[in-house]
Amino acid sequence: MRRMVAEHRLHPADLILPAFVREGISEPVPISAMPGVVQHTRDTLRKAAVEAVEAGVGGIMLFGVPEDAKKDAAGTVGTDPDGILQVAIRDVRAEVGDDLVIMSDLCLDEYTDHGHCGVLDAEGRVDNDATLERYAEMAQVQADAGVHVVGPSGMMDGQVGVIRDALDQTGHEDVSILAYTVKYSSAFFGPFREAVGSSLKGDRKTYQQDPANLRESLRELALDLEEGADMVMVKPALPYLDVLAKIADEVDVPVAAYQISGEYAMVEAAAEKGWIDRDKAILETLTGIKRAGANMILTYWATEAARGL
C-alpha cells in the first residue's frame, strides 16, 4: 500500500552519472575520498557508459583530467580537439551512440595551472569577459566531438548566452545547455578536487554563490533562462533542498540537482563505520532530492541505484 500511494518515484532515467577520465593512465585510479569512484581510462570509461545504458541511466556527465604538464594559465587543453575531454566524448559517442545522453563539463578549472574556472587578469582576478571567449571555444570543440548537452559550470556572468550563440553559429543548434544556474561556494566540493586533480589554491567565492543567499539564486535563474538555458541545475543538492524546491516552483524547464562528492563521501564513510544502512541511505537521499523538485539527479551512485530500481 505504501508503494501504491507513494507521491514521488525515482526512475533510472532520472539519473545522470558523473564520470572522470584521466589522460595517460593504463588502469583506473581510485579516488581516496570517494570509495568506489575512479578516474577512468578511456577503455574503462567506455565500459562504464555501456553499464549505465544497460541499467537504464538517463545520461552521463564527463569530466576530463589532463596530464599536469599540459595545464597552463589559459587552460589550452580544454579547447584542443584532441584534449582528453573531447577524446572521451568521441569514445563514448562511438560506444553508445544516442542510447545515453552524453553531457560534458564546460569549464576551465581542470585545465588551468591555477585551478580557477576562468582566465586571470594582471592582478590575479578571474576575468569574466575574457573567460567567456574561452567558453565559446570550448562549446564548439565539445559539440564537434559529438556531445548532446554542454554543462557550463564556471558561473561566469553571461556564459549561457555566449555559449548558445557559439553553438548556433557553428551549426550546433541541437546541442542543449544544462546551465549551472545555482552553484554555491561549498565545503562539500572537497573530494571533487582530488577527482579532477585540481590545482586550485584558495577558493571561488568571487564567482560562486554565498550559501546564505536565496534571492541571488533567483536572479541567476532569470538571467540563464533569458539567455537560452534548456535546463537548469542546483549544486550541491542536499544542503540546498529549499533552493531546489524554490527553483522548481519558478520554472517550466527541466531542473537538475547534483548530489556532489562531499554528499557521496559522507554516506559512504558513515556506512563504512557501520553507523547507517548504506543502501537505504542512498535511496532516501535520492528520493529527497526528487521530492524537492529535481527532474534529473547527477549522482555517483547512478548506475548502482538504477539497477536497484
Side-chain angles (χ1 to χ4, degrees), residues 10-22 28-31 33-65 84-85 87-107 110 142 145-151 153 176 178 180 188-189 191-192 194-196 231 233-238 254-265 267-268 278-279 281-283 285-287 289-290 294-309:
L10 286 168
H11 188 278
D14 300 336
L15 306 178
I16 298 166
L17 176 67
F20 309 101
V21 56
R22 178 172 169 180
V29 177
I31 300 167
M34 301 174 68
V37 180
V38 301
Q39 294 172 327
H40 284 287
T41 68
R42 289 175 60 186
D43 286 340
T44 62
L45 178 65
R46 285 174 175 264
K47 181 180 178 182
V50 170
E51 291 174 349
V53 170
E54 292 172 348
V57 169
I60 188 168
M61 174 67 79
L62 302 177
F63 296 85
V65 184
I84 183 59
L85 180 55
V87 169
I89 293 169
R90 290 196 291 271
D91 285 344
V92 174
R93 189 67 187 266
E95 189 71 33
V96 300
D98 294 329
D99 292 338
L100 192 65
V101 178
I102 302 169
M103 305 177 171
S104 55
D105 181 58
L106 199 162
C107 192
E110 296 99 320
Q142 291 178 8
V147 78
H148 298 109
V149 179
V150 294
S153 61
S176 297
L178 171 56
Y180 282 61
F188 290 93
F189 287 130
F192 180 86
E194 178 191 349
V196 296
M231 300 165 270
M233 184 194 295
V234 175
K235 181 180 182 180
L238 288 178
V255 176
Y258 197 145
Q259 186 180 51
I260 66 170
S261 58
E263 300 173 55
Y264 176 94
V267 172
E268 291 288 349
R278 177 184 179 274
D279 293 347
I282 291 171
L283 185 61
T285 59
L286 293 173
T287 302
I289 296 167
K290 178 79 172 183
N295 305 107
M296 304 167 288
I297 304 171
L298 288 86
T299 175
Y300 299 99
W301 290 303
T303 301
E304 177 186 349
R307 287 170 176 158
L309 293 172

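Predicted model, so just to flag it, every value in this text is computed and none were measured.
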- [ ] Would you please test Leu62 and Val21 for side chain to side chain contact (heavy atoms under 4.5 Å, CB included) and show each step?
- [x] CA-CA 7 Å; Leu62 302 177; Val21 56; 5.7 Å; no
Taking all non-hydrogen atoms of both residues into account, name the closest pair between [X] and [Y] and its distance.
X: Gly151; Y: Met61; value: CA-CE, 4.4 Å
X: Val92; Y: Ala49; value: CG1-CB, 3.9 Å
X: Leu15; Y: Ala305; value: CD1-CB, 3.9 Å
X: Leu85; Y: Asp105; value: CD2-O, 3.4 Å
X: Ser153; Y: Cys107; value: OG-CB, 3.2 Å
X: Ile297; Y: Leu10; value: CD1-CD2, 4.0 Å

Counting N and O atoms only, with roles assigned by atom type, does the side chain of [X] sit under 3.5 Å from a partner on the main chain of [Y], one being a donor and the other an acceptor?
X: Gln142; Y: Val150; result: no
X: Tyr300; Y: Gln259; result: no
X: Glu263; Y: Ile260; result: yes
X: Thr44; Y: His40; result: no

Distance (rounded to the nearest 0.5 Å) between [X] [atom1] and [Y] [atom2]:
X: Thr299; Y: Leu286; atom1: OG1; atom2: CG; answer: 5.0 Å
X: Tyr258; Y: Ile289; atom1: OH; atom2: CD1; answer: 12.0 Å
X: Lys47; Y: Thr41; atom1: NZ; atom2: OG1; answer: 10.0 Å
X: Leu283; Y: Trp301; atom1: CG; atom2: CH2; answer: 11.0 Å
X: Phe20; Y: Ile31; atom1: CZ; atom2: CD1; answer: 5.0 Å
X: Leu178; Y: Leu106; atom1: CG; atom2: CG; answer: 11.0 Å

TODO: Mind checking side-chain hydrogen bond (donor to acceptor under 3.5 Å, both in side chains) for Thr303 and listing every partner two or more places apart, or none if nothing turns up?
DONE: none
Residues 94-103 side chain polar contacts: donor-acceptor under 3.5 Å, at least two apart:
residue	atom	partner	partner atom	Å
Glu95	OE1	Arg46	NH1	2.8
Asp98	OD1	Arg93	NE	3.4
Asp98	OD1	Arg93	NH2	2.9
Asp98	OD1	His148	NE2	2.8

Open item on the list: Let's go through Met233 and Leu298 carefully: what are the C-alpha distance in whole Å and the side-chain angles of both, what is the deciding distance for side chain to side chain contact (heavy atoms under 4.5 Å, CB included) to 0.1 Å, and is it a yes or a no?
Closed with: CA-CA 10 Å; Met233 184 194 295; Leu298 288 86; 3.8 Å; yes
